[in-house]
Number of protein chains: 2
Amino acid sequence: MFDLLYNKIRAFSKIDENQFDHLKTFFVLKKLRKRQYLLQEGDVCKYQAFVDKGLLRSYTVDEKGNEHILQFASEGWWMADLSSYLTNEPSFLNIDALEDVELLLITKPSWEQAMKEIPQLEHYFRIIIQNHLVATQKRLMQSLAESAEEKYNRFLATYPECVQRVPQHMIASYVGVSRETLSRIRKQVAARK
Amino acid sequence: MFDLLYNKIRAFSKIDENQFDHLKTFFVLKKLRKRQYLLQEGDVCKYQAFVDKGLLRSYTVDEKGNEHILQFASEGWWMADLSSYLTNEPSFLNIDALEDVELLLITKPSWEQAMKEIPQLEHYFRIIIQNHLVATQKRLMQSLAESAEEKYNRFLATYPECVQRVPQHMIASYVGVSRETLSRIRKQVAARK
DNA sequence: AAATTAATGTGACATAGATCACCTTATTTA
DNA sequence: TAAATAAGGTGATCTATGTCACATTAATTT
């Protein structure tokens with residue numbers, strides 16, 4: 001259950017088995033069925049989730065009712081509404097399960113306590129968050145500079161694992177185009193081949 | 001010269017004067033005139049810059065020659081092409097000065113050394129990067145969900161200091177609209193008042 | 001202070017992508 | 001396995017925003 005997390009942490013930070021055993025005690029386990037919410041808009045995000053199995057998404061719904069996906073998280077990724085988690089303010093994101101999932105949850109107080117007691121964790125999270133920032137900045141620049149088709153192709157290249165597991169209309173709402181437009185792009189791409 | 005940085009670090013991290021004196025030795029000072037580059041596309045980003053005075057921007061130029069601004073950085077902010085800085089790969093961003101600037105530069109080896117020798121720095125940077133990520137995620141979601149006018153208004157509300165110091169066509173290229181469209185939006189807004 | 005360069009404004013027109021309406025095909029659920 | 005629900009496709013039309021071309025004003029530079 002904790003193997004994946006252990007490996008991920010050791011990839012960036014030297015942590016020994018005793019420390020990791022201690023770290024385990026800060027987490028609670030949670031299983032969700034497909035379509036269940038981990039977080040709903042308006043609630044405070046009490047947990048950060050490490051995905052051990054399955055697939056989650058975070059998204060907003062705008063006034064017109066359109067969904068905009070911020071993130072997919074499969075095995076080995078973290079998921080939360082970071083803004084709400086940090087500030088304790090109501091979330092503007094929804095998080096739900098695209099498949100049955102098994103999660104390791106940690107509250108903000110536990111998280112901070114864990115970093116205090118195991119200083120290498122601060123380093124691990126700094127690196128994780130830093131990589132996440134780099135990826136988000138790239139996506140932002142691409143969303144400003146590229147056409148719908150380029151953004152779609154880049155999604156395929158960047159997240160090949162997701163492509164198999166996520167329905168097209170969600171890819172559309174991640175890429176930032178309507179599902180109809182994505183469908184037409186796919187048709188064109190197929191025709192060219 | 002180092003006062004601003006000292007205050008910023010102490011806002012999130014308890015660091016004493018001796019430690020800070022030591023930290024100072026990792027930085028080099030740099031002044032740039034308006035319009036000078038700190039970094040050009042294709043070069044490796046060797047320094048992270050803390051802005052002590054003045055205003056910088058980072059941006060890409062797409063194939064059509066359009067500029068897309070990723071970030072403005074005024075007094076108290078950090079600026080770099082984080083991706084290039086971390087990986088040592090050629091940058092896809094340009095960074096230049098919008099005003100005469102005074103910067104504190106730190107190389108990646110110095111930065112990592114400093115965090116090793118002064119562990120509270122790791123915490124400071126984790127927090128800084130985390131806040132940066134939250135802001136970038138918000139901007140990304142807004143760029144997907146909002147109209148040109150909404151994005152412009154949000155820019156005005158979020159960065160009032162910048163509005164006075166940055167020309168309109170750069171605000172346009174931060175918000176993600178053409179300078180002509182921004183000009184028309186401003187006309188409409190003025191007419192409604 | 002004249003000359004140059006940068007910034008801004010505005011009309012006419014073009015276009016990528018959204019929206020709407022409806023249909024077909026999968027996948028769940030009972 | 002039938003019924004219900006979700007996903008995906010496609011034509012017709014609409015629209016926000018981009019693009020181009022040129023004019024005006026402001027800010028630098030010599």
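Letters go in sequence order (proteins before strands), and every chain restarts at 1. None of these values were measured; they are calculated from a predicted model.
A:Asp43 and A:Tyr37 form no side-chain donor-acceptor contact under 3.5 Å, judged by distance and modelled atom types alone.
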**OP:** Take B:Tyr159 and B:Phe155 through the test ring pair (Phe, Tyr, Trp, His ring centres under 6.0 Å) and record every step on the way to the result.
**Re:** CA-CA 6 Å; B:Tyr159 302 105; B:Phe155 178 84; 5.6 Å; yes

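Within a 6.0 Å radius of NZ in B:Lys24, other residues, nucleotides and ligands contribute more than 12 heavy atoms.
Listed pair B:His169 / C:dT8 meets the phosphate criterion, a side-chain N or O lying under 4.0 Å from OP1 or OP2.
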What's touching nucleotides 28-30 of chain D from the protein side, N or O pairs under 3.5 Å?
residue	atom	partner	partner atom	Å
D:dT28	OP1	B:Lys34	NZ	3.1

Where do N or O atoms of nucleotides 10-16 of chain C meet protein N or O atoms at under 3.5 Å, pair by pair?
residue	atom	partner	partner atom	Å
C:dG11	N7	B:Arg184	NH2	2.7
C:dG11	O6	B:Arg184	NH2	2.8

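Classification of the B:Trp111-B:Tyr85 ring pair by plane angle, with boundaries at 30° and 60°, yields tilted. The aromatic rings of A:Trp78 and A:Phe27 sit tilted relative to each other, their planes meeting at an angle between 30° and 60°. Classification of the B:Phe26-B:His22 ring pair by plane angle, with boundaries at 30° and 60°, yields perpendicular.
At whole-Å resolution of the value, CG in B:Leu144 and C1' in C:dG17 are 14 Å apart. Nucleotide D:dA27 holds its P atom 16 Å from the CG atom of B:Leu98, rounded to whole Å. The nearest whole Å value for the distance from the CZ atom in A:Arg165 to the C1' atom in D:dA7 is 19 Å. Going from atom CG of A:Leu182 over to atom C1' of C:dG17 covers 12 Å, rounded to whole Å. Protein atom CD of A:Glu99 is 16 Å distant from nucleotide atom C1' of D:dA6, rounded to whole Å. Distance OH (B:Tyr152) to C1' (D:dT17): 17 Å, rounded to an integer number of Å. One atom, CD of A:Glu146, and another, C1' of C:dG17, lie 16 Å apart when rounded to the nearest Å.
Toward the 5' end of DNA chain D, the nearer of the two residues B:Ser178 and A:Gln168, judged by each one's closest nucleotide, is A:Gln168.
B:Tyr152 does not carry B:Arg154 over the face of its six-membered ring by the limits of under 6.0 Å from the centre and within 45° of the normal. Remark: A:Arg126 fails to qualify as a cation-pi partner of A:Tyr124 under the 6.0 Å distance and 45° angle criteria applied to the six-membered ring. A:Arg57 forms no cation-pi arrangement with A:Tyr174, by the criterion of a distance under 6.0 Å to the ring centre and an angle within 45° of the ring axis.
By the 4.5 Å heavy-atom criterion applied to side chains, B:Leu56 and B:Phe72 are not counted as neighbours. Inter-residue side-chain proximity for B:Glu41 and B:Thr60 is flagged as unmet; no heavy-atom pair is nearer than 4.5 Å.
For DNA chain C, the neighbouring residues in residues 63-74 of chain A, judged by any heavy atom under 4.0 Å, are A:Lys64.
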